[in-house]
S.K.: 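Dropping the structure in here first, questions after.
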Amino acid sequence: MLQGHYTVTSIGPQATAHLAQTMTLLNMNSEELLQHLESELAANPALELESERRCPNCHRILRPAEICPVCSQRKQEADGEPVVFLSPMRDLYHDRSGSRIQQDGDEDFEDDFRVQEENLATYLLKQVSGDLNGVEHQIAEHLANNLDENGFLTISLFEISRYFHVPVTAVERVKSLLQRCEPLGVASVNSTEAMRIQLEMLADVMEIPPLVNLVLADGMEFLFQRRIADLCERFDMDDEDLQEVIRFIGNNLNPFPAHSHYGSSRQPVSANVNVYHHPDVIFHFLNDDPDAGLAVEVMMPYVYRPFLNRQFKEAMNNAPEEQKEEWQKDHDRASLLVKCLQQRAFTMLRLMQFLAKNQDDFILHGDKYLKPITRASVAELLEVHESTISRAVANKTAQLPNGRIIPLSSFFSRNLNVRTVLKELVDHEEKPLSDSMLVKELEKFGYSVARRTVAKYRSMEGILPAHLRKASRKYHGNSNAQFQPSQN
DNA sequence: CTATGGCACGGATT
DNA sequence: AATCCGTGCCATAG
C-alpha cells in the first residue's frame with residue numbers, strides 16, 4: 001500500500017531522474033566520476049567546460065593551481081571551524097602531493113602512491129608489457145582485472161587457459177611475471193604464495209634466516225592453523241626459534257600485497273571490492289601549520305567546471321525540426337548532470353565538515369580517538385537520508401595529515417578504537433596476557449567486550465595468541481607495510 | 001583445567 | 001534485504 005502511494009505521488013520523471021543520478025554520482029569516487037564526466041563530455045555537445053578556472057566555492061577566478069585564499073581565510077575567521085573546500089584533483093597532483101608525501105617517513109608510502117595514481121591493473125600491466133607477446137597481453141589483462149582488494153586472484157588459471165585456448169603453463173608464465181611486479185606478490189592465490197615470492201626477491205638484498213625459508217616453503221599451513229607443536233617438531237626448532245621466524249615474517253613480509261593502509265585485517269575480503277586509488281578527500285593543516293586548524297579538501301575530478309554550453313542553447317532555438325528533439329534531450333541531460341554534480345559536491349562538503357569537526361581527534365591523533373559514530377546518526381544530524389551518507393562514504397578514501405590513506409568508512413568503524421587500545425596493551429605487556437586477562441585490562445579503560453571478541457580482534461590485528469608471544473626480538477627489514485609509525 | 005579458535009545465531013547497521 | 005558485528009557454546013590443544 002505504501003508502495004502504491006509512493007509511486008502515484010512521485011514527482012514526475014525529471015525529479016526521479018534527478019534523484020537517481022544524484023545517487024549514482026554520489027556513489028562514485030573521484031576517479032570514477034572523472035571517467036564518467038569525460039565520457040559524458042565526449043558524448044554530449046550541450047555540455048562544456050568553463051574556460052576560466054574558478055574557485056568551486058565562491059566562483060572567483062583563480063590562477064591555475066591556486067586555492068582560493070579569500071574563501072578559506074574568511075571561513076576560518078568566521079567561526080574557527082574546520083575549513084572545507086572543493087579542490088580540483090588534477091591540480092593537486094601537480095603542485096601539492098609531492099611535499100606532502102615526503103614529509104612522511106614511511107618508505108612504502110611513495111610506492112603506494114604511485115600505485116594509486118592509476119588503477120592497480122594498469123599499473124601492473126605497464127610493468128609487464130615489455131615481456132609479453134600477443135595473447136599473453138590479453139591473459140595478463142585478464143589476470144590483472146581479476147584481483148581482489150588484497151591483490152589475490154579471484155579467477156582460476158584453468159578458466160583463463162580455457163578461455164584463450166592456451167595451455168595452463170602459458171597462463172602460469174604470465175602469472176609468475178605479474179607476481180614479481182610491484183607490489184611484490186600480487187596476483188598470487190593466497191598469502192602463502194605471495195609471501196614466498198616476496199621472500200624470494202628479498203633474498204637478493206638481505207640474509208634470510210634459514211628457518212624462515214623452511215617454514216615458508218613447507219610449514220605455512222601449520223602456522224596458519226597455529227599448530228605450533230607440529231611446526232616445531234617438523235623443523236626441529238624450539239620456541240625461541242619460532243619466535244624469530246614469526247617476527248621476521250611479521251616485519252618483512254606482507255601477506256596482502258595490495259592491501260590498503262587501513263588496519264591489517266587478516267580476513268580475506270570478498271571478491272570484487274574496488275582497489276583504492278588516490279584519496280577523495282584530504283585532511284590537512286591550513287598552510288601546513290599544525291596550529292592553524294584543520295582544513296579539508298574534497299577532490300573534484302575537474303579543473304574547469306562543466307556547465308551548459310550557451311551556444312548550444314542558442315542553436316537549439318533554430319534547430320532543424322527533425323533534430324530538435326534530440327538536442328533537447330542532450331540539453332536536459334546536461335543540465336541534469338550539472339545539477340547533480342552540485343548536489344554531490346554539496347553533500348560531500350557537508351559530510352566532510354561534520355567529520356572534520358567531530359572526529360578531529362581521530363584525524364589528528366590516530367585510531368585510538370575514533371568516536372564510534374554511525375551513518376544513521378550523521379544522517380539525522382545533517383537531515384539527509386541514511387542511504388545518502390552510505391553512498392557518500394562508499395568506495396572513497398581519505399588522506400590524513402600524517403599521510404595515511406584510509407577508506408572513509410573507517411570513520412564509522414565501531415570497534416577501531418577498542419582494537420587499537422588492545423594493540424597497545426599487547427605492545428606494552430610485561431608478559432603475555434591471555435584473552436580473558438585482556439578483557440579485564442580493557443575494562444579498566446572503559447571498554448566492555450567479551451572474551452571471545454578479544455580473540456577476534458587479536459586475530460584481526462595479527463597478534464598471536466598469548467602462549468606464542470614472548471619478549472619481542474625484532475628484525476628490521478626495509479619493506480614493512482604493516483606497521484605505521486603511530487603518531488609523533 | 002585453561003586458553004583459543006570455529007561455527008553459528010541474533011541484533012544492529014547499512 | 002543484505003551485511004556486519006559481538007557473543008555464546010563447544011571441541012580441541014596444551
Side-chain angles (χ1 to χ4, degrees), chain A residues 2-3 6 22-24 26-29 148-149 191 219-234 237-240 242-243 246 262-274 347 351 354-355 367 370-396 406-422 425-426 429 431-443 445-470:
Chain A
L2 196 65
Q3 275 182 349
Y6 205 72
T22 313
M23 295 197 303
T24 22
L26 197 55
N27 241 350
M28 293 184 214
N29 62 33
D148 66 15
E149 184 186 298
S191 292
M220 285 314 278
E221 319 82 57
F222 289 164
L223 192 56
F224 282 134
Q225 292 166 24
R226 311 280 134 98
R227 294 172 56 188
I228 302 307
D230 289 341
L231 202 57
C232 289
E233 189 185 338
R234 167 180 283 208
M237 54 186 185
D238 58 28
D239 245 25
E240 193 75 9
L242 186 65
Q243 288 312 310
I246 290 170
Y262 166 59
S264 45
S265 161
R266 285 267 167 136
Q267 292 170 335
V269 187
S270 59
N272 298 328
V273 184
N274 290 341
T347 311
L351 176 60
F354 175 87
L355 288 182
D367 295 349
L370 181 79
K371 300 183 190 92
I373 301 180
T374 71
R375 293 159 170 81
S377 63
V378 179
E380 200 179 320
L381 277 168
L382 299 187
E383 299 180 317
V384 295
H385 196 274
E386 281 179 25
S387 74
T388 310
I389 302 291
S390 288
R391 288 171 196 283
V393 166
N395 297 323
K396 300 193 184 62
I406 60 174
L408 265 189
S409 58
S410 40
F411 278 86
F412 298 90
S413 170
R414 276 166 295 172
N415 55 25
L416 193 59
N417 45 5
V418 191
R419 271 163 41 189
T420 46
V421 172
L422 176 77
L425 277 175
V426 175
E429 75 192 357
K431 61 180 197 296
L433 297 169
S434 77
D435 287 353
S436 29
M437 292 159 96
L438 283 169
V439 172
K440 285 184 189 165
E441 288 300 312
L442 281 174
E443 235 150 40
F445 288 82
Y447 300 105
S448 114
V449 283
R451 186 237 100 215
R452 188 65 193 77
T453 312
V454 171
K456 280 256 157 80
Y457 290 168
R458 247 194 328 93
S459 71
M460 278 188 216
E461 299 294 341
I463 302 172
L464 291 171
H467 59 277
L468 296 181
R469 298 200 303 267
K470 279 201 165 180

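Letters A, B, ... mirror the listed sequences (proteins, then strands); counts begin at 1.
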S.K.: Starting at CZ of R458(A) and ending at C1' of dG5(B), how long is that distance when rounded to a whole Å?
M.R.: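 Whole-Å distance recorded here is 9 Å.
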
S.K.: Counting C-beta onward and ignoring hydrogens, is there a side-chain heavy-atom pair between L438(A) and Y457(A) closer than 4.5 Å?
M.R.: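 The answer is no; the side chains never approach within 4.5 Å.
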
S.K.: When every nucleotide of nucleotides 8-14 of chain B is labelled 5' to 3' by its protein contacts under 4.0 Å (heavy atoms), B for base, S for sugar-phosphate only, - for none, what sequence of letters results?
M.R.: B----SB

S.K.: How many Å lie between CG on N415(A) and C1' on dC4(C), as a whole number?
M.R.: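 Taking atom C1' of dC4(C) as the reference, CG of N415(A) is at 10 Å.
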
S.K.: On DNA chain C, check which nucleotide each of R451(A) and Y457(A) is closest to and give me the residue with the more 5' one.
M.R.: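 Upstream on the strand: Y457(A).
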
S.K.: Heavy atoms only: give me the nearest P372(A)-R414(A) pair and the separation to one decimal.
M.R.: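 That would be CB-O, 4.2 Å.
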
S.K.: More than 12 heavy atoms of other residues, nucleotides or ligands under 6.0 Å from NZ of K440(A): is that the case?
M.R.: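 Open: at most 12 neighbouring heavy atoms sit under 6.0 Å from NZ of K440(A).
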
S.K.: Nearest to the T453(A) side chain among dT4(B), dC5(C), dT7(C), which nucleotide is it?
M.R.: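 In terms of side-chain proximity for T453(A), the closest of dT4(B), dC5(C), dT7(C) is dT7(C).
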
S.K.: Find the distance L433(A):CG to dT4(B):C1' and express it as a whole number of Å.
M.R.: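 Distance check: L433(A) CG to dT4(B) C1' gives 15 Å.
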
S.K.: Check the surroundings of atom CD in E443(A): do more than 12 heavy atoms from other residues, nucleotides or ligands lie under 6.0 Å from it?
M.R.: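 Enclosed.
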
S.K.: Please walk me through it: do T22(A) and T388(A) pass side-chain contact (heavy atoms from CB on, under 4.5 Å)?
M.R.: CA-CA 9 Å; T22(A) 313; T388(A) 310; over 6 Å; no

S.K.: Would you mind telling me which of L351(A), V378(A), I406(A), I373(A) makes a side-chain contact (heavy atoms from CB on, under 4.5 Å) with F411(A)?
M.R.: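 Only one option passes, and that is I406(A).
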
S.K.: Heavy atoms from C-beta onward define the side chain here; which of dC9(C), dC5(C), dT4(B) lies closest to that of S434(A)?
M.R.: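 Shortest atom-to-atom distance from the side chain points to dT4(B).
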
S.K.: Ignoring backbone atoms, test whether S436(A) places a side-chain nitrogen or oxygen under 4.0 Å from the OP1 or OP2 oxygen of dA3(B).
M.R.: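 Indeed, a polar side-chain atom of S436(A) lies that close.
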
S.K.: Rounded to the Å, how far apart are L422(A) CG and dT4(B) P?
M.R.: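 In whole Å, dT4(B) P and L422(A) CG are 12 Å from each other.
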
